[in-house]
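Take a look at the structure set out below.
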2 protein chains.
Amino acid sequence: MTKTVFTDTSKFLDHISLDCVIFGFHENELKVLVLHYKTTKEYALPGGFLLADESLEDAAKRVLKERTGLDNIFLKQFKVFSTPGRSKSNPAIKDVKDLGIQINHAFFDQRFISVGFYALVEFTKVHPKPDELSDSCDWVNVTDNIELMMDHNLIVNEALDSMRSQLNHQPIGYNLLPDKFTMPELQKLYETILGKELDRRNFQRKILSYKILNKLDERRKGGAYKSPYLYEFNLANYQKALNNGLSGGW
Amino acid sequence: MTKTVFTDTSKFLDHISLDCVIFGFHENELKVLVLHYKTTKEYALPGGFLLADESLEDAAKRVLKERTGLDNIFLKQFKVFSTPGRSKSNPAIKDVKDLGIQINHAFFDQRFISVGFYALVEFTKVHPKPDELSDSCDWVNVTDNIELMMDHNLIVNEALDSMRSQLNHQPIGYNLLPDKFTMPELQKLYETILGKELDRRNFQRKILSYKILNKLDERRKGGAYKSPYLYEFNLANYQKALNNGLSGGW
DNA sequence: GCAAAAGTGTTAGTCCTACACCCATGG
DNA sequence: CCATGGGTGTAGGACTAACACTTTTGC
């Protein structure tokens, strides 16, 4: 995959952009990957533009690959943001002469609608890379509510809502957790996404009743206190169960 | 609201279109509004383009108003369709000289991504009007699976899936039924959307348990057999209940 | 051996399912 | 008066929610 840079905008379609809310889960915290702009010092979601002969999904995959280094990421379109004034304050259109970057102002200065995607990645596999307009690309806790540029805070919130409502229909646990994980870890993930606490014993009974997990003989060693068992997803059963939607609410 | 016509495309943004899946419910059938093109004789969803200073939601409202005559329609964005080749076969780009319509080929000939909306309308309030490229605008039964142009069959199916999954979170019954309706009518609507039959007595108990309906003293007269009671939605309770999502599955 | 986390079990109440019976209406 | 659809009720089983006790581990 060739790297796409903002300095050659000639192959991009006008008016259409996309933004990715990349979720990761680490140390019992739900995190989002954000860029920090060199010039304006604002935080922003990784995003990009649509190439002339590319689907939005492919464009999002391209952005994901460039920021995380990963292929085969779980990706879901969730909403288009099209308020007419939303792109007026795009920091990218500001002058970046001091960086030696030549920006195509005519391109950046147009009105953009942005298609929002959310992505689920395994935290430990990601090695974030900033783009050419940014000096950093880092995880921030969703709960910290960092101020983002333009309407990006809105985009994150809508992504969260969307993910929450699809918890029983999309393989969210599978994509956010490592291959092997403990029951308390899975529960924390659910609690974080749902924004509420769940009963430890009822959670375990319910999730096991779906038959989507394989209990392993190993336990998580090294931690303090009693070592919990490790589990892995039974992918075949998981997929089958998701087709009907996991039953019941949380 | 001024009528927007396809013969003046100068105010439209390039590359962006929208299509509306307009659902109605009549005589126990779920219906969709489709246009029939004068030149190509193909069926198509009502759609349009985005004006330079307009949100997608406003554009969709504009299209809805023009085709149905209605304001204040329930409208929901559900997906963007962006396969690169999808707009190649757009019949609108064909020559329509014989109709005396001057088409801006350069505009129609570009690649379009299309934002899909579904709309819910009260069947009896709609007076469908064709646009200037069509000779008819009529309801077709969803179950008839009429062949539509381009990827419009896909768009209808995705709209259905989306509406089905949101049945407990959006005021779908309220928007598709007239102000007063009977329990069997409401049940038929649910059965049609879900694609399966429900037990009459359990359905009634469950829907009443939500406290979202007011039972009226009137009954539906004129029909054969025992006359059913009329109900209306208790909008305040309905909205409140939807915020948490109606509990349980169907 | 103590504190904290994890494994396992029980019970009461609620909800869902699958039915049966009676009533009203038009032919 | 009968066929059909609509109004109402009930019993059994499944699932959920709330809660207690025991076990393991590091210090």
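Just so you know, these numbers use all the heavy atoms, side chains as well, and skip hydrogens, waters and symmetry mates. Everything quoted here is computed from the prediction, not taken from an experiment.
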Euclidean distance, atom [atom1] of residue [X] to atom [atom2] of [N] [Å, nearest integer]:
X: B:Arg219; N: C:dC23; atom1: CZ; atom2: P; answer: 13 Å
X: A:Arg201; N: D:dT22; atom1: CZ; atom2: C1'; answer: 12 Å
X: B:Lys188; N: D:dG6; atom1: NZ; atom2: P; answer: 9 Å
X: B:Lys206; N: C:dT14; atom1: NZ; atom2: P; answer: 17 Å
X: A:Leu198; N: D:dA18; atom1: CG; atom2: P; answer: 11 Å
X: A:Asp199; N: D:dA20; atom1: CG; atom2: C1'; answer: 12 Å
X: A:Asn202; N: C:dA12; atom1: CG; atom2: C1'; answer: 13 Å
X: B:Gln187; N: D:dG7; atom1: CD; atom2: P; answer: 10 Å

Does [Y] offer a backbone N or O that forms a donor-acceptor pair with the side chain of [X] under 3.5 Å?
X: B:Asn141; Y: B:Lys31; answer: no
X: B:Arg164; Y: B:Ile193; answer: yes
X: A:Ser134; Y: A:Pro130; answer: no
X: A:Asn28; Y: A:Lys188; answer: no

(message) Under 4.0 Å, counting only non-hydrogen atoms across every strand here, what does A:Lys221 touch: a base, just sugar-phosphate, or nothing?
(response) nothing
Which nucleotide in the set [options] lies at the smallest distance from any side-chain heavy atom of [X]?
X: A:Tyr225; options: D:dG6, C:dA3, D:dA20; result: C:dA3
X: B:Lys226; options: D:dG26, D:dG6, C:dT8; result: D:dG6
X: A:Arg205; options: C:dG7, D:dA18, D:dG7; result: D:dA18

(message) Reading DNA chain C from 5' onward, which residue's closest nucleotide shows up sooner: B:Ser227 or A:Gln204?
(response)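 Final value for this comparison: A:Gln204.
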